[in-house]
Participant: 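I'd like to ask you about the structure that follows.
A, B, ... follow the sequence lines: proteins, then strands. Residue 1 opens every chain.
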Amino acid sequence: MPENQLSDDELTQKILHIVADTQRRDIATVTAESSFEELNIDSMDAVNIVFAVENEFNINVPDEEMRTLKTVRDVIDGVRRLISAQAS
Amino acid sequence: MNHPNANRVAVTGLGVICAIGSGREAFAAALREGRSGVAPLWLARAGELRFANAAQVRDFNAEDHFSAKDADMLDRFAQLAVVAAREALAQAGIGLTEELRERAAIVTGSCIGGQTAEDAGFVELYEQGRPRVHPMTIPKTMANAGASAISQDLGITGPAFTISTACASSAHAIGQAFHMVRSGQAPMAIAGGSEAPFSFGILKAWEAMRVVSPTLCRPFSRDRNGMILGEGAAMLLLEPLDAARARGAQPLAEIVGFGMSSDAHHITQPSAEGAAKAIRAALRDAALTPDQIGYINAHGTGTLANDSTEARALGFVFGDQAHGDKPGGRRPAVSSTKAMHGHTLGAAGAIEAAATIIGLQNGFLPPTIHFTEADPECELDVVTNSARVVSVDYAVSNSFAFGGLNAVLAFARAI
């Protein structure tokens with residue numbers, strides 16, 4: 001299925017897995033509402049997450065956008081926005 | 001002075017090649033005028049990067065300096081090292097006696113060595129499917145290729161080695177050479193660093209870290225958005241002040257202190273405490289107090305994290321002086337010359353040491369160009385956009401590396 005047809009739930013699940021995998025955390029400890037601070041994600045960790053997200057969804061995340069990310073929800077919303085921008 | 005039996009150490013020669021000047025004179029003029037060396041990146045596939053600009057040396061042609069065969073044996077970073085070392089030696093006007101050749105030290109810094117040569121070899125292997133890599137790939141890539149090439153070129157057979165501490169490499173190299181000359185271990189040293197990081201693979205790796213500006217490097221400005229990568233080399237010729245005077249040489253400056261620290265904190269995030277420790281160590285080594293420092297050549301990369309952290313470190317060390325509100329206190333002026341010559345990684349400490357020395361010697365403080373507006377997080381007396389004409393007696397140059405390794409050099413105006 002092309003990325004632009006991912007359901008919201010599928011997209012969320014993929015991103016939760018990316019955060020858990022890159023941070024070597026149990027997926028059960030990561031929710032869409034987790035903040036980077038709670039997950040102990042620093043700026044370099046965030047760069048690693050975005051790298052994995054770019055590869056997974058075949059998108060490019062601009063530097064300015066990258067700097068605004070503070071929560072897992074920010075990542076989900078940003079990815080959805082970039083995927084729909086790409087599709088349109 | 002902390003070291004009663006030690007030599008005072010003079011810098012009597014400088015060699016510089018970078019985006020704002022091929023040669024010391026051109027470099028000094030560019031610093032004085034606040035000229036930018038930043039231009040559209042000159043590289044195949046430049047359009048596939050998120051950043052468009054770089055501080056490259058555009059007028060360097062290896063065959064102006066080396067036979068075609070010798071040029072083939074050296075990566076660009078080692079060629080730049082040799083050219084800068086020759087210029088430093090020529091300015092010092094020192095005759096290389098048999099004893100000097102045997103005992104003089106060569107200490108160079110490089111972050112990535114000749115990775116552009118390695119990258120080219122691996123492109124042939126992986127991408128073009130060739131079955132073999134060029135036999136000079138290993139000797140061209142090794143980080144000590146610059147030190148080895150200087151040794152061969154000048155016929156110097158004393159201790160020679162290379163220090164690789166990322167963006168502090170050549171500050172560590174100069175500091176080490178300074179201690180060797182001060183202690184009498186070496187009667188002369190050529191010390192500095194060189195870097196030539198412009199290959200597509202290396203630039204892609206920098207892009208991935210998201211620390212390179214898509215526009216310009218604006219250290220300490222509120223709207224700063226990253227560094228600009230640069231290339232180049234600088235070499236200093238160090239000798240005991242007494243020896244320089246005895247042969248009638250004119251010192252350009254003295255190196256009076258060197259301090260180091262490690263953050264033990266994070267692989268890329270800087271630490272104000274770690275940086276402050278290195279600055280304090282340099283002042284202690286020089287037996288100077290903070291209020292004696294008139295100018296700070298900052299690490300000032302133009303990234304969000306570096307500049308605010310460095311400002312905090314300066315606040316820790318210079319206290320009220322840094323904020324100019326102590327009665328009778330002197331606020332040290334601060335600038336980052338990286339806005340002009342780019343972040344030259346392993347060469348940065350040496351190029352910035354050269355900028356500091358030229359400023360001390362000629363009575364001006366080089367500017368932080370491309371400055372827009374002050375950042376409340378960087379409350380400093382920044383020398384913005386044009387050089388400040390003022391004579392200062394003591395200056396420090398900061399270098400803070402990824403990996404949390406810090407090196408700070410302290411200089412005195414030659415009198």
Participant: Using side-chain contact (heavy atoms from CB on, under 4.5 Å) as the criterion, list what pairs up with A:N60, not counting sequence neighbours.
Facilitator: A:E54
Participant: Given a strict heavy-atom distance threshold of 4.5 Å, which part of B:R210 is in contact with chain A: side chain, backbone, both, or neither?
Facilitator: both
Participant: Sorted by first residue and then second, give each salt bridge (charged side-chain N to carboxylate O under 4.0 Å, His left out) pair with at least one member in residues 337-352 of chain B; sequence neighbours left out.
Facilitator: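 Counting only pairs at least two positions apart or across chains, the salt bridge (charged side-chain N to carboxylate O under 4.0 Å, His left out) contacts touching residues 337-352 of chain B are B:K338-B:E352.
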Participant: What do you reckon, is NE2 of B:H265 surrounded by more than 12 foreign heavy atoms closer than 6.0 Å?
Facilitator: yes
Participant: With a 4.5 Å heavy-atom cut-off (strictly below), which parts of residues 67-79 of chain A touch chain B? List them by number.
Facilitator: A:R67
Participant: Need one label for B:V212: side chain, backbone, both or neither, based on atoms under 4.5 Å from any heavy atom in chain A.
Facilitator: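 Backbone of B:V212 only, per the 4.5 Å heavy-atom cut-off to chain A.
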Participant: Counting neighbours of CD on B:E377 that are heavy atoms of other residues, nucleotides or ligands and sit closer than 6.0 Å, is the number greater than 12?
Facilitator: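 Counting neighbours around CD of B:E377, 12 or fewer heavy atoms of other residues, nucleotides or ligands fall under 6.0 Å, so no.
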Participant: Name the option with the most non-hydrogen atom pairs under 4.5 Å to chain B; the candidates are A:V47, A:V50, A:N48, A:D63.
Facilitator: A:D63
Participant: Would one find more than 12 heavy atoms of other residues, nucleotides or ligands at under 6.0 Å from atom CZ of B:F316?
Facilitator: yes
Participant: Tabulate, in ascending numerical order, the residues of residues 26-46 of chain A having at least one heavy atom closer than 4.5 Å to a heavy atom of chain B, or enter 'none'.
Facilitator: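 Hits under 4.5 Å: A:D42, A:S43, A:M44.
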